[in-house]
Amino acid sequence: MQPITKEVKNPWAMAWLPGGDLVITARTGELHRLDADGQLHRISGVPEVHVNGQGGLLDIAVADDGWIYLTYASPTGDGKGSHTALMRARLQENALIDQQVLYKGEPNSSSGRHYGSRVVLAADNLLYFSIGDRGHRDSNPQDAGRDGGKIYRLARDGSVPSSNPFATKPTAIDAVYSLGHRNPQGMALHPVTGELWIHEHGPRGGDEINIIRAGGNYGWPLLSYGINYNGTTFAEGTTREGYVGPVHYWVPSIAPSGMAFVTSARYPQWQGQLLVGSLKFAYVELCQLDGNNVTATHKLFDGVGRVRDVKQGPDGYLYLAVEGKGVMRILPDETAGN
């Protein structure tokens with residue numbers, strides 16, 4: 001494992017600028033640019049961020065045209081506390097300019113739990129992003145008219161596609177794409193099918209990998225493979241007609257965060273497979289795929305640390321963002337035997 005930078009102590013997400021520099025978010029509200037010489041630069045103009053429990057500055061994605069998309073815990077809006085927001089901006093030298101808030105969950109909550117949040121840029125000028133249930137499992141995830149516990153779809157300028165599944169329903173939020181989620185902290189497009197894959201935290205057990213369908217209800221909290229933290233049950237079952245079930249689930253929970261499909265020829269043993277970081281057990285999990293089925297899982301880099309993000313870079317290397325350690329590059333010779 002090759003260290004790339006140790007200076008960002010609590011990285012949450014990473015992406016690459018069109019020129020090749022790496023940009024890294026820290027949950028505590030800092031945004032950094034790592035240049036080709038290995039020099040780290042602090043980027044100014046980051047929006048106001050509420051560092052609150054699991055909330056802070058979260059995911060980042062960069063479009064080919066230079067727009068930078070960020071998700072974060074925003075204290076603006078109604079009520080005390082914060083809610084997950086999505087914004088975009090451009091980078092001029094080391095400052096964000098032309099900032100535009102594209103979406104803000106409402107109402108704010110003082111809960112420090114389940115902000116999500118990942119953002120993925122898709123084809124046709126679209127994007128997807130996630131907001132967790134904000135710790136309000138009995139009110140948010142199953143109500144299409146309430147923010148939280150959802151996957152959202154927007155055009156990259158923040159407008160709502162008319163083809164969104166709830167766009168014509170007057171009691172629903174038109175940006176919602178799917179509902180019934182707990183706390184999605186991994187999201188990636190399948191490199192062959194183009195389908196949106198996510199993973200999300202379960203309670204005590206029941207972390208899931210899901211393939212997102214337009215208008216799909218993924219069951220939380222009515223359906224779950226997990227139980228309450230005190231050992232009691234709450235779910236009505238694990239499957240039900242009319243609801244979408246996971247393609248994979250973990251018991252016990254691994255607290256997944258970050259995910260990446262491996263397409264690079266640098267890692268021939270892993271091509272076509274899925275990598276998922278584990279916060280709880282401090283390793284990377286390799287999920288072997290046969291179509292849309294997870295046929296086996298393998299533990300990699302045991303003890304590396306709390307893996308917050310996993311990404312394949314434009315150079316074909318795989319990178320990990322690890323709490324307390326910074327950003328690391330996986331060297332191809334480390335894949336032998338795995």
Side-chain angles (χ1 to χ4, degrees), residues 58-59 61 69 71 83-86 102-106 114-124 126-156 158-190 193-202 206-226 235-249 256 259 274 292 294:
L58 304 173
D59 204 17
Y69 295 80
T71 58
H83 214 304
T84 305
L86 168 73
L102 304 182
Y103 195 90
K104 167 67 168 56
E106 295 289 355
H114 305 173
Y115 287 87
S117 165
R118 295 290 176 182
V119 56
V120 165
L121 304 178
D124 299 323
L126 298 172
L127 64 81
Y128 299 89
F129 68 101
S130 65
I131 301 180
D133 69 10
R134 297 295 284 108
H136 303 288
R137 75 180 187 188
D138 295 325
S139 56
N140 290 345
Q142 288 297 315
D143 187 342
R146 293 179 62 92
D147 280 310
K150 313 288 192 302
I151 304 298
Y152 301 75
R153 185 174 74 163
L154 296 174
R156 294 188 191 182
S159 60
V160 177
S162 60
S163 58
N164 270 14
F166 297 96
T168 60
K169 298 183 179 181
T171 60
I173 296 170
D174 54 5
V176 169
Y177 194 73
S178 65
L179 70 162
H181 301 285
R182 186 172 184 266
N183 192 28
Q185 290 196 356
M187 183 182 291
L189 295 172
H190 192 286
T193 66
E195 293 176 312
L196 183 68
W197 288 48
I198 71 164
H199 63 58
E200 51 189 294
H201 289 232
D207 297 344
E208 297 180 356
I209 296 177
N210 287 300
I211 301 174
I212 300 304
R213 310 298 185 199
N217 188 329
Y218 289 77
W220 177 255
L222 304 176
L223 308 176
S224 177
Y225 288 87
E236 300 174 10
T238 55
T239 61
R240 182 183 295 178
E241 186 177 355
Y243 293 78
V244 186
V247 297
H248 182 72
Y249 64 91
M259 64 190 299
L274 183 67
N292 288 341
V294 178

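Computed from a predicted model, the values in this text were never measured in an experiment.
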Quiz item: Do the side chains of R156 and L126 get nearer than 4.5 Å, heavy atoms only?
Solution: no
Practice problem: Apply the test side chain to side chain contact (heavy atoms under 4.5 Å, CB included) to residues N210 and V247: give CA-CA distance (whole Å), side-chain angles for both, the deciding distance (0.1 Å), then the verdict. | Solution: CA-CA 6 Å; N210 287 300; V247 297; over 6 Å; no
Practice problem: Answer yes if the side chains of Y103 and D147 hold a donor-acceptor pair under 3.5 Å, and no otherwise. | Solution: yes
Quiz item: Between the main-chain N or O of G145 and the side-chain N or O of K169, is there a donor-acceptor pair closer than 3.5 Å?
Solution: no
Quiz prompt | R182 side, atom CZ; S130 side, atom OG - distance, nearest 0.5 Å | solution = 13.5 Å
Quiz item: Does the side chain of D174 reach to within under 4.5 Å of the side chain of V160, using non-hydrogen atoms?
Solution: yes
Self-check item: Considering all heavy atoms, the nearest T168-P170 contact
Solution: O-CD, 3.5 Å
Practice problem: For H201 and P256, indicate whether the former's side chain and the latter's backbone hold a donor-acceptor pair under 3.5 Å. | Solution: yes
Exercise. Taking the six-membered ring for Trp and the single ring otherwise, decide whether the centroids of W220 and H181 are under 6.0 Å apart.
Key: no
Practice problem: Assign the ring pair Y177 / Y128 to parallel, tilted or perpendicular, where the plane angle (0 to 90°) is split at 30° and 60°. | Solution: perpendicular
Quiz prompt | Heavy-atom check, side chain of R240 versus side chain of L222, under 4.5 Å | solution = yes
Exercise. Determine the minimum heavy-atom distance between G206 and E208, stating which atoms define it.
Key: O-CG, 3.3 Å
Practice problem: Over all heavy atoms of both residues, which pair between S162 and A167 is shortest? Give the atoms and the distance, please. | Solution: O-CB, 3.7 Å
Self-check item: S178 and R153 side chains, donor-acceptor separation under 3.5 Å
Solution: no
Self-check item: E195/R213 under salt bridge (Lys or Arg N to Asp or Glu O under 4.0 Å): CA gap, chis, key distance, verdict
Solution: CA-CA 9 Å; E195 293 176 312; R213 310 298 185 199; 2.5 Å; yes
Quiz item: How far does CD1 of I198 sit from CG of N183, to the nearest 0.5 angstrom?
Solution: 10.0 Å
Quiz item: Is there side-chain contact between E200 and D207, with heavy atoms separated by less than 4.5 Å?
Solution: no
Practice problem: Check P184 against I151 and note the closest heavy-atom contact, atom names and distance. | Solution: CG-CD1, 4.1 Å
Self-check item: Smallest separation among heavy atoms of S224 and A235, with atom names
Solution: N-CB, 3.7 Å
Quiz item: In terms of heavy-atom contacts, does OH of Y225 have more than 12 from other residues, nucleotides or ligands at under 6.0 Å?
Solution: yes
Self-check item: Close side-chain approach of L121 and Y69, heavy atoms under 4.5 Å
Solution: yes
Self-check item: D59 side chain vs T71 backbone, donor-acceptor pair below 3.5 Å
Solution: no
Quiz item: Hey, what do you get for CD1 (I211) to OG1 (T193), rounding to the nearest 0.5 Å?
Solution: 7.0 Å
Exercise. Heavy atoms only: give me the nearest L179-D143 pair and the separation to one decimal.
Key: CD1-N, 4.4 Å
Quiz item: Within the side chain of N217, is there an N or O that forms a donor-acceptor pair under 3.5 Å with the backbone of G219?
Solution: yes
Quiz prompt | Any Y115 side-chain heavy atom under 4.5 Å of L58 side chain | solution = yes
Self-check item: Steps toward side chain to side chain contact (heavy atoms under 4.5 Å, CB included) verdict (V119, L86)
Solution: CA-CA 8 Å; V119 56; L86 168 73; 4.0 Å; yes
Quiz prompt | Min side-chain heavy-atom separation Y249-T238 under 4.5 Å | solution = no
Quiz item: Rounded to the nearest 0.5 Å, how far apart are CG of N164 and CD1 of I173?
Solution: 12.0 Å
Quiz item: Can you check whether W197 reaches M187 side chain to side chain, under 4.5 Å on heavy atoms?
Solution: no
Quiz item: So how far is it from T84 OG1 to E106 CD, rounded to the nearest 0.5 Å?
Solution: 11.0 Å
Practice problem: Say whether, by atom type as modelled, one donor and one acceptor occur between the side chain of H136 and the main chain of S139 under 3.5 angstrom. | Solution: no
Exercise. Using distance alone, with no hydrogens and no angle criterion, decide if H114 and D133 have a side-chain donor and acceptor under 3.5 Å apart.
Key: yes
Self-check item: NE2-CG distance between H248 and N292, expressed to the nearest 0.5 angstrom
Solution: 14.0 Å
